[in-house]
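Okay, so here's the structure we're looking at.
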Amino acid sequence: MQKKELSLLDGNSLLYRAFYALPTTLTKSDGTVTNAVFGFTRMLFSLLEEREPDLLGVAFDLPAPTFRHQEYEEYKGNRKETPDELKPQFRIAKEVLEALEVPIFEKEGYEADDLIGTLAQKAEEEGYQVTIVTGDRDNLQLITENIQVMYNKRGISDIVDYDLEKFREEYELEPQQLIDKKGLMGDKSDNIPGVDGIGKKTSTKLLKEFGSLENVLANIDQVGGKKRKATLREQADRAKLSKKLAEIKVDVPLEVDFSELVLSDYKNQQVYDLFMELEFSSLISQIGGHQKLEVVDYQLIENQEELEKLDLTKEVAITLDLTGPKLKQELAGVAVATLEQSFYCNLATDELLNWLEDIFTTKEVLMVEAKEQIRYLLQQGIEVKKLSFEPLVADYLLKPSEKEKEFEELVTSHLQREIEEVTEEESLVLQTSLLFDLEEELVAKLEENELLSLFREVELPLVSMLAQLELTGIKVSSEELERLSTKLAEKIATIEEQAFQLAGEEFNLNSPKQLGVILFEKLGLPVIKRTKTGYSTSASVLEKLEGQHDIIPLISEYRTYTKLKSTYVDPLSDYINQETGRIHTTFNQLVTATGRLSSAEPNLQNIPIRTEEGREIRQVFVAEEGKHLLAADYSQVELRVLAHISQDEGLKEAYQQGIDIHTKTASEIFGLALDEVGREERRKAKAVNFGIAYGISDWGLAKRLNIGNQEAKEYIELYFERYPQVKEYIDTTIAQAKRKGYVKTLFDRKRYLPQINSKNYHQRSFAERMAINTPIQGTAADIMKMAMIDVFNLINNGEFSSQILLQVHDELVLEVPTAELEEVAQLVRERMEQAVELDVELEVDLKYGANWNQMKEIEGGEIDVID
DNA sequence: CAGCAATGCAA
DNA sequence: TATTGCATTGCTG
């Protein structure tokens, strides 16, 4: 018969590991840090899944001094105190173990190690196979044929399994000799002294020769080296003491009945409740929700007659069973649900589409992952008249900082239920029918949080719009891409050659590590800044080294061109859809914490513009024959939003009088008349204006402007003097955030900031900056979303053939038939400027052109003369 | 091959 | 030790 397996965990060392492996931002909503408990529990669960032990126990240290401290006062004397954020987590971890019904071992005067050693040896005698799980290498001394150690090297998943063979291979010793080794070499982390001058290598050598510490000491004569002989004689007692300290006890007086360590069914209600309280939702799905869902009864519809006979309520939930990659999906079937009944229709695509067209024009529809499905429908020529609910979007509004969730997680967290593992068809039907329950629950929560109108009037309509944007895509000239790629390749090759020449050797210019060696070691340039892993070679560092060596400008140029080629030019070709000749990015509505959209695969929101070389990339984005690209961007929305929400007189006045805001700020800070403000003052003022919206610090501003801290500090102080209501806004917003735990945009979008009351300065400051920035950035995002909806409706209702292609935070890019350019341009401006009414006017600049690079201004817009 | 660090592009 | 993102290359385990 196979031996039963016992797993013994060292609770202390594992909690420490988990604490340092996971960010302390992992908290409950009330700010209680739970990172270590979470990591520990996850380690425990993966152990249970992978090893499936029959028995389980966890050992902890107790704060009381142990026999080791009595023997040697300095034992562990160099240990830092347990971090404040970790301390309370021991209690919580024990609560988790209690809920899981896992036995806990603690004994005054002994460390967790000793308990584990004793238990392991007893268990071995009784015929068990033992696995010790720990973050402490000392335990390796316990290894035998039947006892192995899973050593958590770092993080929470970097685990090395040591059995006898592996240990011998690595240490070239027997496990018990590890104690002798510690006796000789000591252990810094536990403040065990060992013998001076003996380290890893020597200790192994000596033990291989003499077998044990005692034998080494008994044969000091035979030890090589005069000095070493002397030290060993002198420090023999110290060595013996060190060995004693390092030896894990295996004779702790413990009464154990191993049968009591049998693992219970830990997937119980108590555990579920505790995990809910700790907000461990991902772990909840691992143990299964507390209420298993019955598989829904549903009717299978296999012919068109049955389908058409269906009598559905006004609100239906629908899930299209789509397979295949984006824009090439196929429809395998449709799951349909009303409050009372559910169906799965498995028919030919054409028949399904016919029916869907009718449904989507006459019903209000609940959908999950709606954007993907709507995009498919639009591709088939079907419009969605009313999307009435989408749970992922609702959940995002409630908790925008959390990572995007799966449908199953919503069911667990909002309905406290779990989806049974069933066939794909069944789960699709179940999912569809659950949309009604989720709607009830989530709409109530949105209502409570005053988020319902943002949900219904902004986010839901946006879903269909984004589907349309993605489907439309933007035309890209592959010839132009090709040309750019060749041009860049040539430049790069030349630069590379010159750089190698100057360096006197070939190396990988892309490797900051190799580059660092060349610059700072070989060429002896001064080190400006260091990173965690070595020298920094960032653009700002290179800028400071400019002039010191001819290779520096070459490296900067190399960086610029390879960046452009490898990030923008070359990858773009792969994204061109062969059928449409266009690039169809994915707009994500559920990513950012502030309410902005994001774009990926490819990211079309970070195409270069600031430098001429980069800007050329925009040339590849073109309008179709007979059309133009129209770019409409808000002029300084965020600062205008700041003017509105802070109600600052000076700021508002500037906008009301149409004064360039950076010039105005410059005149205030530098005490100049408006017409005396020069280029440099305006540049600095611009940085200050931006900085304010990001929750400025003097240090940050100094770095950005390459000026002294004192100077930066003065600018900030002067700014607040001249715009006092802005200062007031910042103070009251932070105070409010501390009181309520969240901040809101002008349109009630919410963001929780659990770290705002943290005792950790860095975390707290970071949360404070978020508190300042989120209402500004978020309100701007709200405005743009509303504007998009207005522009979209305008185009649809006005029977224009123009299309929105992209949104770049404060800019919309449209493709407009030349015939309607004038009219659409003016209407877009109007809609965007009137999207919301603020105390300062919104201003939109318009440009048009055959491509996204060379564009001409359309009258009226403010011309930014200087920058 | 996954995940992290360094770097850099946009608003 | 300025906000929000996405993506690249190098490098490590």
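Letters A, B, ... mirror the listed sequences (proteins, then strands); counts begin at 1.
Atom P of nucleotide C:dT9 and atom CD1 of A:I492 are separated by 11 Å, given to the nearest angstrom. Separating the OH atom of A:Y558 from the C1' atom of C:dT9 is a distance of 10 Å, rounded to the nearest angstrom. In this structure, A:N603 atom CG and B:dA11 atom P are separated by 11 Å, rounded to whole Å. With rounding to whole Å, A:I696 atom CD1 is found 11 Å from C:dA2 atom P. The distance between atom CG of A:N510 and atom P of B:dT7, rounded to the nearest whole Å, is 12 Å. Residue A:Q807 contributes atom CD, which lies 12 Å from atom C1' of C:dG5 at whole-angstrom precision. When the C1' atom of C:dT1 is taken as reference, atom CD1 of A:I716 falls 11 Å away, rounded to whole Å. Computed from coordinates, the A:N606 CG to B:dC9 C1' distance equals 5 Å when rounded to whole Å.
Side-chain contact between A:K522 and A:V517 is absent, with no heavy atoms from C-beta onward closer than 4.5 Å.
Distances shorter than 4.0 Å separate some side-chain N or O of A:T537 from OP1 or OP2 on B:dT7. Residue A:S536 has a polar side-chain atom (N or O) positioned under 4.0 Å from OP1 or OP2 of B:dT7. Proximity of A:H762 to the phosphate of C:dT1: a side-chain N or O atom is located under 4.0 Å from OP1 or OP2. OP1 and OP2 of B:dC9 both lie 4.0 Å or more from every side-chain N or O belonging to A:T567. In terms of phosphate contacts, A:Q514 brings a side-chain nitrogen or oxygen within less than 4.0 Å of OP1 or OP2 of C:dC11. In terms of phosphate contacts, A:N508 brings a side-chain nitrogen or oxygen within less than 4.0 Å of OP1 or OP2 of C:dG10.
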Polar atom pairs (N or O), protein with nucleotides 1-5 of chain B, under 3.5 Å:
none

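Residue A:R751 is in sugar-phosphate contact alone, with no base atom involved, counting any heavy-atom pair closer than 4.0 Å across all strands shown. Backbone-only contact: A:R769 has heavy atoms under 4.0 Å from sugar-phosphate atoms and none from a base. At the heavy-atom level, A:R559 lies under 4.0 Å from the strands shown only through sugar-phosphate atoms. The residue A:S599 sits close only to the backbone: its heavy atoms come under 4.0 Å of sugar-phosphate atoms, none of a base. A:E601 comes within contact range of the sugar-phosphate backbone alone, with a heavy-atom separation under 4.0 Å but no base atom that close.
None of A:V688, A:I696, A:L701 except one satisfies the side chain to side chain contact (heavy atoms under 4.5 Å, CB included) rule with A:Y719; the exception is A:V688.
Taking the C1' atom of each, B:dC4 and C:dA2 are spaced 24 Å apart, rounded to whole Å.
Counting non-hydrogen atoms of other residues, nucleotides and ligands closer than 6.0 Å to NZ of A:K713 gives a total of 12 or fewer. Other residues, nucleotides and ligands contribute over 12 non-hydrogen atoms within 6.0 Å of the CZ atom of A:R764. At most 12 non-hydrogen atoms from other residues, nucleotides or ligands lie less than 6.0 angstrom from CD of A:E165.
Using cut-offs of 30° and 60° for the angle between ring planes, the A:F520 and A:Y535 rings count as tilted. Between A:Y162 and A:Y151, the ring planes are tilted. Angles from 30° to 60° get that label.
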(message) side chain to side chain donor-acceptor pair (under 3.5 Å), that's the test. Do A:T592 and A:S598 meet it? Break it down for me.
(response) CA-CA 7 Å; A:T592 70; A:S598 78; over 6 Å; no
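Considering only the side chain of A:V591, C:dG5 comes nearest among C:dG5, C:dT4, C:dT8.
Pairing of C:dG5, defined by two Watson-Crick or G-U wobble distances under 3.5 Å, is identified with B:dC9.
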